Amino acid sequence: VFPVSAATGLGFDDLLNRVIQMLDTLPLQERYEESPAEVEQHITGYTVRKEEDTYIVEGHSIASLIASVNFEDHESMIWFHATLQKSGIITALREAGATEGDGVRMNDMEFDFID
């Protein structure tokens, strides 16, 4: 047990010294080469329609696609765009008349079309 005080900072030196000692006793970690995960998302049975100024993409696989994307993460967005390309959704949007910057809605997610 290491009594410490966040208010005064007392006791942390002893605690940290013990942690350092314990780290030296841990087994070495095996390192693996990082490789990008290729997760295939099968998007089928969707439709594209225009409603006012927004293109709507609907279908049974769309909800799971949207749930698979972290819209705050750059790599996840790259995967999302690649999945839209592979599944033909980008082509279907183009064929429906979508151009760069047009609004697209998939379930509750709305974004600008990027070709």
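Quick caveat, the model's predicted, so the values are computed rather than measured.
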For this session: Keeping the roles fixed (side chain from S76, backbone from N70), state whether a donor-acceptor pair exists under 3.5 Å.
Result: yes
For this session: Among residues two or more places apart or on two chains, list those pairs meeting ring pair (Phe, Tyr, Trp, His ring centres under 6.0 Å) that have a residue in residues 7-31.
Result: none
Exercise. Do R94 and I90 come within less than 4.5 Å of each other through their side chains, counting heavy atoms only?
Worked result: yes
Exercise. Do the non-hydrogen side-chain atoms of T83 and I43 ever get within less than 4.5 Å of each other?
Worked result: yes
For this session: State plainly whether one hydrophobic cluster holds both L16 and L23, where clusters connect Ile, Leu, Val, Met, Phe, Trp and Tyr through side-chain heavy atoms under 4.5 angstrom apart.
Result: no
For this session: Write down the atom of V48, the atom of A96, and the distance for their closest heavy-atom approach.
Result: CG1-CB, 3.8 Å
Exercise. Hey, is the main chain of T99 close enough, under 3.5 Å, to the side chain of D102 for a donor-acceptor pair?
Worked result: yes
For this session: Verify the cluster assignment for I78 and F71: are they in a single hydrophobic cluster under the rule of side-chain heavy atoms below 4.5 Å apart?
Result: no
Exercise. Which heavy-atom pair separates I62 from E58 by the least distance, and what is that distance?
Worked result: CG1-C, 3.8 Å
Exercise. Listed by chain and number, what are the salt bridge (Lys or Arg N to Asp or Glu O under 4.0 Å) partners of E52, not counting sequence neighbours?
Worked result: none
Problem set entry | Straight-line distance of L84 CG to M106 CE, nearest 0.5 Å | 5.0 Å
Exercise. With hydrophobic residues grouped by side-chain heavy-atom distances under 4.5 Å, do I56 and Y46 end up in a single group?
Worked result: no
Exercise. Does a sphere of radius 6.0 Å around NE2 in H74 hold more than 12 heavy atoms from other residues, nucleotides or ligands, not counting ones at 6.0 Å or beyond?
Worked result: no
Exercise. Are the side chain of N107 and the backbone N or O of M109 linked by a donor-acceptor pair below 3.5 Å?
Worked result: no
For this session: Check Y55 against L93 and note the closest heavy-atom contact, atom names and distance.
Result: CB-CD2, 3.6 Å
Exercise. Got a sec: does the CG of D112 have more than 12 other heavy atoms crowding it under 6.0 Å?
Worked result: yes
For this session: Could you tell me whether the side chain of H81 and the main chain of I114 form a donor-acceptor pair under 3.5 Å?
Result: yes
Exercise. Would a hydrophobic clustering, with Ile, Leu, Val, Met, Phe, Trp and Tyr connected at side-chain separations under 4.5 Å, put V69 with I89?
Worked result: yes
For this session: Determine which pairs satisfy ring pair (Phe, Tyr, Trp, His ring centres under 6.0 Å) with at least one residue from residues 84-115, sequence neighbours left out, and list them in order.
Result: F80-F111
Exercise. Linking I/L/V/M/F/W/Y whenever any side-chain heavy atoms sit under 4.5 Å apart, do I20 and F2 land together?
Worked result: no
For this session: Give a yes or no on this: more than 12 heavy atoms of other residues, nucleotides or ligands lie within 6.0 Å of atom CD of Q21.
Result: yes
